[in-house]
Amino acid sequence: MAEEKPEKLRHLLVQGTGTAYDYVSPLSVPHPRTPPARDRAAHGQRLLREYGAAFKTGIKARGGGADVPGVSITVRGEPGAELPIESLDSRRPAGPRVLAVREVEGATVAQVFVPQGGFRILEEKLRNYLRKDTPKGKPAHEALVASIASFQLAALQELWTDPELPFPAPSQPMAWEAWLRDPSEELLSSFLSLCRQHGLVTGERSLEFPDRRVVLVSGTATQLSSFAILDTLAELRPARTPPTEFVEMPSREQGDWSRELMSRLVLPASDAPVVCVLDTGVSNNHPLLAPLLPAANIFAYRKSWGLADHDGHGTEMAGLAGYGDLIDALESKMRVALEVGLESVKILPPPPAANPPELYGAITADAAGQVEVAAPERLRVFSMSVSTSNGRTGGRPSSWSAEIDRLAAGVDDGRQRLYCICAGNADPNWYPHYPEGVMTGKPLDPAQAWNALTIGAYTERDIIAEPALSGWLPLAPHGDISPTSTSSLTFERGWPNKPDLVLEGGNVALSPGGTLPPDASIPSLSLLTTDRMNRGRLFTYTNATSAATAQASRMAAHL
């Protein structure tokens, strides 16, 4: 019987299932560009009244004189519609300036500073919307005016730009990052004087950016709510204590902080999941790590290497895997419940010894075997902030990445495993060319493993606290990809997209002359973690994709 040929079928095209949007910032939600339908006269006249009333009330509240610089006004967009921010920001020197933009319940909310001499610029747009048409017969400035839901006098809480923390209670003392609306010395002097008048304590130095200046302030929201202070601000954020303060503490003071934290710890249950750190070993004599890492959980590929951390990297990763950024736990006044334990397998030998590349996969498999034989029923996440320095990968499998894929899938024994592995750091020589270094910097082997979670780094660290580094500028903007990270944008076609996830990995800064610090890292742009105590020190700082990987492992173990 003749074999039947398969029937040729046309492709099935699924249509009408999605909506295309133009690109917008990932910090925004997509909104349709078509402005909402409005009763032109009623809407325009209402906004004109609201805008005028907010400005006049603000000027009057500030004393009403010609020396009042202007008023901060909140412009709230219609939920679900795009608010054309560029139309609110005047290019004229004395015109309105957009200070901050955020999303609130599907609506775009902009804080706009309106100088006394710039009031009529926006007023004229509102009036033209009412009385003029475009050549196509549409109301003038319709895209802007129709998308505005309201104008109102700005309040302090509307300058709060931290999406993860609620605005503090009015009388709650706290440390703030005050972002001034321009970097001028005149505005800085005015702000510092106003803070003194209202009993606020300011930091000894400020940080200057091209269009902003940042000052650390201690006090309450009530003290900051003065109209005069409000008009100097572009945004407010909670101030983080930089790792520098803890790193530079005397050893005895570090011990005091450590003991105080230990008194508040709630240790994980005996059957809690663990993060298994595959690294240079972990110093479990550290007081903050000992409760999470009993001696029975410590292993090494070769017994002759010893179990202790010969480098410090493994202990740094263990601190992040157990606690996250230590600053949060140290500064909290609440009890700290730890939900994850630790294991350690030393997979790197003390120098000058080195593992042969052909054994990388076998050593990784042996590490899994040791911990699984010791505790076969334990739930664990493998955390490997280790990669090869023998070159960057174009995405093709290596013997190491292939072994990780086999272990993760449980090909040989049916036991699936979760591996979090670092993407590998960008070449520091490319840091000054950020973000090109991230785009072109290929990950390091074995980051190309399909079945592992490959972790890259982003950063929210953009405040340099070291007085000796005055004038230095962070490379990455707040919330953007870390200069230390790599990506698979240059992978050969057909290989996986990496990294799979990004977490905080710190930032990099350049001097006014464009040079890097000696080791390309700055404590205040990094994360605080546990030191291996070879100098009696309990705290140190770390960064890059290694730090991001340890945090991702902790998150995975929690889940």
Side-chain angles (χ1 to χ4, degrees), residues 273-282 289 292 309 311-326 340 342-348 360 363-364 367-368 371 380-389 392-393 400-401 404-405 407-408 417-426 438 441-461 481-488 496-508 521 526-530 540-559:
V274 300
V275 174
C276 181
V277 179
L278 309 180
D279 214 292
T280 60
V282 175
L289 296 179
L292 301 177
D309 185 354
D311 175 82
H313 191 265
T315 303
E316 294 167 14
M317 297 306 104
L320 292 177
Y323 291 87
D325 188 349
L326 259 179
V340 173
L342 295 173
E343 292 176 334
S344 167
V345 183
K346 187 169 184 172
I347 64 170
L348 295 175
Y360 290 168
I363 292 172
T364 305
V371 295
R380 61 174 55 81
V381 176
F382 291 96
S383 179
M384 192 168 73
S385 297
V386 174
S387 55
T388 179
S389 58
R392 299 186 180 273
T393 173
W400 194 6
S401 72
I404 289 174
D405 280 332
L407 291 165
R417 302 166 180 87
L418 177 57
Y419 282 86
C420 292
I421 59 179
C422 65
N425 298 336
V438 176
K442 295 178 180 179
L444 294 171
D445 186 27
Q448 74 274 33
W450 287 87
N451 296 333
L453 277 179
T454 302
I455 312 301
Y458 89 110
T459 188
E460 295 181 358
R461 308 295 163 94
I481 193 75
S482 170
T484 67
S485 198
T486 54
S487 72
S488 63
N497 293 323
K498 296 290 182 174
D500 300 292
L501 187 69
V502 292
L503 276 88
E504 178 64 66
N507 209 337
V508 174
S521 60
S526 304
L527 296 93
L528 188 72
T529 189
T530 46
T540 188
Y541 63 95
T542 190
N543 64 359
T545 60
S546 290
T549 301
Q551 294 172 91
S553 303
R554 178 173 184 262
M555 180 188 296
H558 279 186
L559 292 174

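Quick note: numbers below take in every heavy atom, side chains included, and nothing from hydrogens, waters or symmetry partners.
One N or O on the side chain of Arg392 and one on the backbone of Lys442 form a donor-acceptor pair closer than 3.5 Å. With hydrogens and angles ignored, the 3.5 Å screen pairs no side-chain donor or acceptor of Ser401 with any backbone N or O of Ala449. Although no hydrogens or angles enter the test, the distance criterion places no donor-acceptor pair under 3.5 Å between the side chain of Ser482 and the main chain of Ala457. The backbone N or O of Asn451 sits less than 3.5 Å from a side-chain atom of Asp405, completing a donor-acceptor pair. A donor-acceptor pair under 3.5 Å is absent between the side-chain atoms of Ser485 and the main chain of Ile481, judged by distance alone. Formation of a donor-acceptor pair under 3.5 Å by the Asp445 side chain with backbone atoms of Thr393 is not found in this model. Between the Asp279 side chain and the Gly281 main chain, no donor and acceptor come within less than 3.5 Å of each other. Of the possible polar contacts, none joining the Asn543 side chain to the Gly505 backbone as a donor-acceptor pair under 3.5 Å is found. For the pair Asp325 (side chain) and Leu527 (backbone), a donor-acceptor distance under 3.5 Å is absent. Checked by atom type and distance alone, the side chain of Arg461 never pairs as donor or acceptor with a backbone atom of Gly506 at under 3.5 Å.
Counting only heavy atoms from C-beta outward, the side chains of Thr315 and Leu289 approach each other to under 4.5 Å. Here the side chains of Thr364 and Ile404 are in contact, with some heavy-atom distance below 4.5 Å. Taking 4.5 Å as the limit, some side-chain heavy atom of Val371 sits within range of a side-chain heavy atom of Val345. Residues Asp500 and Ile455 form no side-chain contact, since every pair of their non-hydrogen atoms from C-beta on lies 4.5 Å or further apart. Annotation: side chain of Cys420 is in contact with side chain of Val381 (closest heavy-atom distance under 4.5 Å).
Summarising the geometry, atom OG belonging to Ser546 is positioned 5.5 Å from atom CG belonging to Asn425; distances are rounded to the nearest 0.5 Å. Rounding to the nearest 0.5 Å gives a distance of 12.5 Å between CG of Leu453 and CE of Met384. Annotation: the span from Leu444 atom CG to Cys422 atom SG amounts to 7.0 Å, rounded to 0.5 Å. For the atom pair CD of Glu460 and CD of Glu504, the computed distance is 6.0 Å after rounding to the nearest 0.5 Å.
Under the side chain to side chain donor-acceptor pair (under 3.5 Å) test applied with Glu316, the options Thr542, Thr280, Thr529 reduce to a single match, Thr542. Put simply, the residue from Thr530, Val386, Leu278, Val277 that forms a side chain to side chain contact (heavy atoms under 4.5 Å, CB included) with Met317 is Val277.
The minimum heavy-atom distance linking Ala367 with Ile347 is given by the pair CB-CG2, 4.1 Å. Summarising the geometry of Thr486 relative to Pro499, their closest heavy-atom pair is O-CD, 3.6 Å, with the distance given to 0.1 Å.
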Side-chain donor/acceptor pairs under 3.5 Å, residues 552-559, sequence neighbours excluded:
residue	atom	partner	partner atom	Å
Ser553	OG	Ser383	OG	2.9
Ser553	OG	Thr549	O	2.9
Arg554	NE	Gly322	O	3.3

### Message
For Leu342 and Val274: C-alpha separation, side-chain torsions, deciding distance, then whether side chain to side chain contact (heavy atoms under 4.5 Å, CB included) applies.
### Response
CA-CA 5 Å; Leu342 295 173; Val274 300; 5.9 Å; no
### Task
Report the C-alpha separation of Trp450 and Gln448 in whole Å, then their side-chain angles, then the decisive distance to 0.1 Å, and conclude whether the side chain to side chain contact (heavy atoms under 4.5 Å, CB included) test is met.
CA-CA 6 Å; Trp450 287 87; Gln448 74 274 33; over 6 Å; no
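Residues Ser488 and Lys498 bring no donor and acceptor atom of their side chains to less than 3.5 Å of each other. With hydrogens and angles left out, the side-chain atoms of Ser385 and His313 include no donor and acceptor closer than 3.5 Å. A donor-acceptor contact closer than 3.5 angstrom is absent between the side chains of Thr388 and Trp400.
The ring pair (Phe, Tyr, Trp, His ring centres under 6.0 Å) check on Phe382 picks up Tyr419, with sequence neighbours excluded.
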